[in-house]
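Since the structure comes first, as structure tokens, the remarks are kept for the end.
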2 protein chains.
Amino acid sequence: MKNQEKSPQLELAASLPDFLCFAVYSTNLAFHRAYKPLFEELGLTYPQYATLVALNEEDDQTVSQLGEKLLLESSTLTPLLKRLEAAGYVTRQRDSRDERQVRINITAQGRAVFDQVFCGRDAIIDATGLDPEAYVRLQRDLIKLRDNLLAASRK
Amino acid sequence: MKNQEKSPQLELAASLPDFLCFAVYSTNLAFHRAYKPLFEELGLTYPQYATLVALNEEDDQTVSQLGEKLLLESSTLTPLLKRLEAAGYVTRQRDSRDERQVRINITAQGRAVFDQVFCGRDAIIDATGLDPEAYVRLQRDLIKLRDNLLAASRK
DNA sequence: AGATAATAAATCGTATACGATATATATGAC
DNA sequence: GTCATATATATCGTATACGATTTATTATCT
């Protein structure tokens, strides 16, 4: 293995745990698993829940607006929203002023489900094993990283 | 916005950016996009690349061993490995001592592809906008978080 | 040894995720 | 007003991702 001869300043080792991207990738998988018991009784998935969070914060958004906040394309959101609609958690209707757009609204049932998951969130926060300062710091650092990556891939 | 009136010890606000899970989720999407230009000319995906990294580090692993390192099930890995095999990057063959297991080996072509992406990784590291200390710290904090989450969901 | 249990992959169904394309509507040029 | 362009969503094909099940092989129990 010639991975030992690494550059002095930064770990350029080729081991999986040495990749920041893999740390993010696998932590994402771990979060999905942690949330699963909360979701499965409701028939929800993590992206569906994130969509409800976005709608709970601001209702009556278009597919594009949701896509910007969730970093998802219409090709992902359209079927997801149709499932949320079928479950009775959101409504979808064309905007009468601009028939190209579809307005998404959260229903009372959707808000109830949001609240239910939100109340169970303490268990997830416990499971992170992070004290409040570490939680907030990690969150802030990640968002900075994410925005750096997005800016770089847009240029 | 009533997110300002947050609890004193921990942000229990319901806004999307206040969720650590969403920070991880969206950073993962951002990493995928950052890597895309490196991968698409090779016809690779991120999980496929991660698999090559794991095999470059340790060859001749079983599907289960790879699954443990990559946090993936055989239902995900089997088709992925078949695609890597079709691309000529790995070989798959039953272990003669235990015919239940399938041994995965990286090919010379697979190592070449690994090297090629690995060389282009400087651009990704640049794109993170992190100095070496911040990079390593974030990586370590994430892996701790991930292992905490996994431990909690196993209990 | 032979029935049973355990294990490793693979298969199937469903839900993201995205690029490319299609469709419908709106906007702009003239 | 008409045509070209732009925009918003939807559709399609491919690749993860996982739970549940299936199949093949190995281990165990008696």
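Residue numbers begin at 1 in each chain, while the letters A, B, ... track the order of the sequences.
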Just how far, in rounded Å, is [atom2] of [N] from [atom1] of [X]?
| X | N | atom1 | atom2 | value |
| --- | --- | --- | --- | --- |
| B:L52 | D:dT16 | CG | P | 11 Å |
| A:L66 | D:dA8 | CG | P | 14 Å |
| B:L80 | C:dT16 | CG | P | 20 Å |
| B:L71 | D:dC18 | CG | P | 8 Å |
| B:L81 | D:dA17 | CG | C1' | 14 Å |
| B:N28 | D:dT16 | CG | C1' | 11 Å |
| B:F39 | C:dC18 | CZ | C1' | 15 Å |
| B:Q65 | C:dT7 | CD | P | 16 Å |

Please tell me if [X] has a side-chain N or O lying less than 4.0 Å from either OP1 or OP2 of [N].
| X | N | answer |
| --- | --- | --- |
| B:Q48 | D:dT16 | yes |
| A:R92 | D:dA10 | yes |
| A:Y25 | D:dA17 | yes |
| B:K82 | D:dT14 | no |

Please pick, from [options], the nucleotide with the shortest atom-to-atom distance to any side-chain atom of [X].
| X | options | answer |
| --- | --- | --- |
| B:T45 | C:dC18, D:dT9, D:dA15 | D:dA15 |
| B:Q101 | C:dA8, D:dT16, D:dT9 | C:dA8 |
| B:R83 | D:dA8, D:dA15, D:dC18 | D:dA15 |
| A:T62 | C:dT16, C:dA10, D:dT9 | D:dT9 |
| B:S64 | D:dA15, D:dT11, C:dA9 | C:dA9 |
| A:E99 | C:dT16, D:dT16, C:dT25 | C:dT25 |

Between B:Y46 and B:R33, is there a cation-pi geometry (under 6.0 Å to ring centre, at most 45° from the normal)?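 Judged by the rule, B:R33 and B:Y46 form no cation-pi pair.
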
Check whether NZ of the Lys or CZ of the Arg A:R121 lies under 6.0 Å from the centre of the six-membered ring of B:F19 and within 45 degrees of that ring's axis. yes

When B:T76 and A:R94 are each assigned the nearest nucleotide of DNA chain D, the 5'-most assignment goes to A:R94

Does A:D98 or A:P47 map to a spot on DNA chain C nearer the 5' end, using the closest nucleotide for each?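 Checking each residue's closest nucleotide, the 5'-ward one belongs to A:P47.
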
Go through the N and O atoms of the side chain of [X] and the base of [N], and report whether any donor-acceptor pair is under 3.5 Å.
| X | N | result |
| --- | --- | --- |
| A:R100 | D:dT9 | no |
| B:S74 | C:dA10 | yes |
| B:S75 | D:dA17 | no |

Using a strict threshold of under 4.0 Å (side-chain N to carboxylate O), is an ion pair present between [Y] and [X]?
| X | Y | answer |
| --- | --- | --- |
| A:K69 | A:E57 | no |
| A:D141 | B:R137 | yes |
| A:R94 | A:E99 | no |

Is the A:F39-A:Y49 ring centre distance short of 6.0 angstrom?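 Centroid distance A:F39-A:Y49: below 6.0 Å, so yes.
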
